[in-house]
Structures are given as C-alpha cells and as structure tokens.
Amino acid sequence: MIRPILKYTLLPLLLLFGLPGLKCQCYKGNSAFNAGEKISYEISYNWGPIWVDAGLVTFSIEKELFNGKDAWHLRSVGKTYSSYDFLFKVRDYYDSWVDPATFKFHEFRRMVYEGGYTVINNMRYDHKKELIYSTTKSNNNPVRFDTLKGNACAFDMVSAVYFVRTLDLSVLQKDIKTPVSVMIDDNIYNIYIRYLGKEIVEDKNGNRYNCVKFSARMVEGTIFRGDEDVIVWATDDSNKIPVYIEAKILIGTIKAYLKDVKGVKSPLKPLK
C-alpha cells in the first residue's frame, strides 16, 4: 500500500492549489504575481499512525516567447525525495504557456513518471475555434486523440492555479458553495468550493500567516471519495499563496506545507 500513497501524494496537488474561488469568470487583471516567482511545498502523507515526508512540489513563472509572442511559462514539478525513490520513484512535470495580457493558455504539457508508469499529455488551445486538441500517450498504449469544447475562460490545471490568485476573494460568502469547472485528463469536471472563513496558519518554517480557508468537493474516483475532501489555507493578502493544505484520499491523508517562497510580487508578512 505504501507505493500508491507516494504516487497520490504528488498528483492531486496541482488541483488543490487551484481550487479557492474559481468561478465562471474571466481574467480581469493581475496584482498577485510576476515572472520570477518560485514557490515550493513539502508533501507528507500518513498511513495509519505513520507520517512520512515524501517529496517536494515547486511552482515557477518565467518569461518566454511562444510562437514568436511574449508568454508566461508556468511550471510545476513534483518529485519524491531520492531516499524514497527505491520505494516508488516519481518525476512529474507540468508546463503551461499563457498570454500575460489575457491569461488565455496556449499549450499545456504533462510528462509523468511514477514507478515505471509514464504519461505524456499535450493540449493545444485553438482560440478562434474554441477547441482544445489533446494527445495522450501512456506506457505502450496507442496514442489517444481528443477534442474538447473550450470557452473564453477555459484553463488547464496549471494556469488555473495562477488564475485563481488574481480573483477578488472578498466577494465570497461564508458557507456558500461556488461551482468549479476543471480540465483533467481530457475531461471537464464540475466540483465546488465552500468558503469557511479566516484562520491563522503556520508554514513549514514556523512562520504564521493570516489565511482564508476553503473546503472543496473533489472528483470521486481512485484518489478522492467525492466529498469535501480538501481544505486549503491561503494567505489573506494580494499574493493569495496557499500556506497549508489537507486532503483526504482513499488510503490516507495528504498534507502540503509551504516551504520556500522567492520572487513574490508583494512581500509576505508573517505575524510576529
């Protein structure tokens, strides 16, 4: 049972960081982040009474050219620590290229290696036709081609993470459910989040922050039960950086702790 837990520890995090406040609305501007930002999280899981620090997940933003035009390269990398690679080696890479002015994503790539299982998924958005063309290759299986109907405010898993940080979270009301649509593996899923209020939360280094708190109903399946399985605490400031996350999965509990932050647009201000 330990091997699958290591896998599940890293995979859901891209979704967890992007849940709070994701509504059916479009990009209206950004005061939360700049190119050069890099954030890392240490991931722990429990199996029975045992807690294990299993790996590290990082998020970063870089300026690049995409098809000759200015773009932001949004990237997330999930890796098990080398000391745990002999149990179940994980190397997950997620990349998204977006227009900095409109935040519409151009292309999304996912390259996953998990204990010998591999997945390569590319999604390219044709904004004129409002269609998303996807190709997926897993292990020795044939390449699968899919076409999804997009919309003016569609986001891949990584661009959604950053998009929600641009939203005005002050308009959310306590205990009111907010619908969320997320593209995951060639499908669009409808879940919801519920604003729970504000709390003080501590990061991996002992820094304490004022945070907004959310619960989220996830997609029922091999990882989640389909209840409000995830709770997220994000900084109650213009950065809206998740500080701490708890997720209940079928075979245990995941915890993600903010470990390191560099290049943020506005300085983080921990409580004294």
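Reckoned from all heavy atoms, side chains included, excluding hydrogens, waters and symmetry mates.
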If I take atom OG1 from residue T135 and atom CG from residue N121, how far apart are they, to the nearest 0.5 angstrom? 6.5 Å
Tabulate below the donor-acceptor pairs under 3.5 Å that side-chain atoms of residues 56-65 make, not counting sequence neighbours, or state none.
from, atom 1, to, atom 2, distance (Å)
E64, OE1, W97, NE1, 3.0
E64, OE2, H73, ND1, 2.8

Could you check whether S266 and S238, counting side-chain N and O atoms only, form a donor-acceptor pair closer than 3.5 Å? yes
Would you mind reporting whether Y113 and K89 have side-chain heavy atoms less than 4.5 Å apart? yes
Is a donor on one side and an acceptor on the other found under 3.5 Å between the side chain of S44 and the backbone of W51? no
Minimum heavy-atom distance V212-Y195, with the two atoms named: CB-CE1, 4.2 Å
Donor-acceptor pair, side chain of H127 and main chain of F105, under 3.5 angstrom: yes
Measuring only between side-chain heavy atoms, which start at C-beta, is D92 closer than 4.5 Å to V77? no
Taking only residues two or more places apart in sequence, or in another chain, which ones meet D126 in a salt bridge (Lys or Arg N to Asp or Glu O under 4.0 Å)? none
Could you check if a side-chain atom of K69 sits within less than 4.5 angstrom of a side-chain atom of D99, using non-hydrogen atoms only? no
Can you classify the ring geometry of F33 versus F103 as parallel (below 30°), tilted (30 to 60°) or perpendicular (above 60°)? tilted
For the pair N34 (side chain) and E37 (backbone), establish whether a donor and an acceptor sit closer than 3.5 Å, ignoring hydrogens and angles. no
If you take all heavy atoms of S138 and V119, which pair is closest and at what distance? CB-CG2, 4.1 Å
Would one find more than 12 heavy atoms of other residues, nucleotides or ligands at under 6.0 Å from atom NZ of K265? yes
Sequence-distant partners of D85, salt bridge (Lys or Arg N to Asp or Glu O under 4.0 Å), two or more places apart: R91
Mind listing the side-chain donor-acceptor pairs of residues 201-211 below 3.5 Å, one per line with the distance, residues two or more places apart or on another chain?
from, atom 1, to, atom 2, distance (Å)
D203, OD1, N205, N, 2.9
D203, OD1, G206, N, 3.0
D203, OD1, N207, N, 2.8
D203, OD2, N207, ND2, 3.3
K204, NZ, E42, OE1, 2.9
N205, ND2, K259, O, 2.7

When rounded to the nearest 0.5 Å, the distance separating CG of L131 from CZ of R124 is 14.0 Å
Y41 to P242 - nearest heavy-atom pair and separation: OH-O, 2.8 Å
With rounding to the nearest 0.5 Å, note down the distance linking NZ in K213 to OH in Y244. 10.0 Å
Test side chain to side chain contact (heavy atoms under 4.5 Å, CB included) applied to V112 and T118, step by step: CA-CA 5 Å; V112 169; T118 61; over 6 Å; no
Can you tell me how far the OG atom of S134 sits from the CZ atom of F108, to the nearest 0.5 Å? 9.0 Å
Kindly indicate whether the side chain of V98, heavy atoms from C-beta on, has any atom under 4.5 Å from the side chain of L74. yes
Is S96 close to Y162 at the side-chain level, that is, under 4.5 Å between some pair of heavy atoms? no
Report yes if some heavy atom in the side chain of Y125 is under 4.5 Å from a heavy atom in the side chain of K104; otherwise report no. no
Is any side-chain heavy atom of K129 closer than 4.5 Å to a side-chain heavy atom of Y133? yes
Taking all heavy atoms of N139 and all of G116, pick out the closest pair and write down the distance. OD1-O, 3.8 Å
Closest approach of D156 to S159 (non-hydrogen atoms, all atoms of both residues): OD1-N, 2.8 Å
Quick one: salt bridge (Lys or Arg N to Asp or Glu O under 4.0 Å) partners of K198, sequence neighbours excluded? D236
State whether the number of non-hydrogen atoms from other residues, nucleotides or ligands found under 6.0 Å of D70 atom CG is greater than 12. no
Is Y94 reaching over with its side chain to a backbone N or O of G78, donor-acceptor style, under 3.5 angstrom? no
Each residue besides I200 in its hydrophobic cluster should be listed here, by chain and number; the cluster joins Ile, Leu, Val, Met, Phe, Trp and Tyr at side-chain heavy-atom distances under 4.5 Å. L271
Would you compute the distance between atom NZ of K255 and atom OH of Y257 and round it to the nearest 0.5 angstrom? 4.0 Å
Taking the side chain as C-beta and beyond, is there a heavy-atom pair between I241 and V261 under 4.5 Å? yes
Salt-bridged, R75 to D95, with N to O below 4.0 Å? yes
Tightest non-hydrogen contact, residues R165 and I39, listed as NH1-CD1, 3.9 Å
Hey, could you give me the CZ/OH distance between R110 and Y93, rounded to the nearest 0.5 Å? 14.0 Å
Check the pair I245, I231 against side chain to side chain contact (heavy atoms under 4.5 Å, CB included), reporting the backbone distance first and the verdict last. CA-CA 6 Å; I245 297 165; I231 301 178; over 6 Å; no
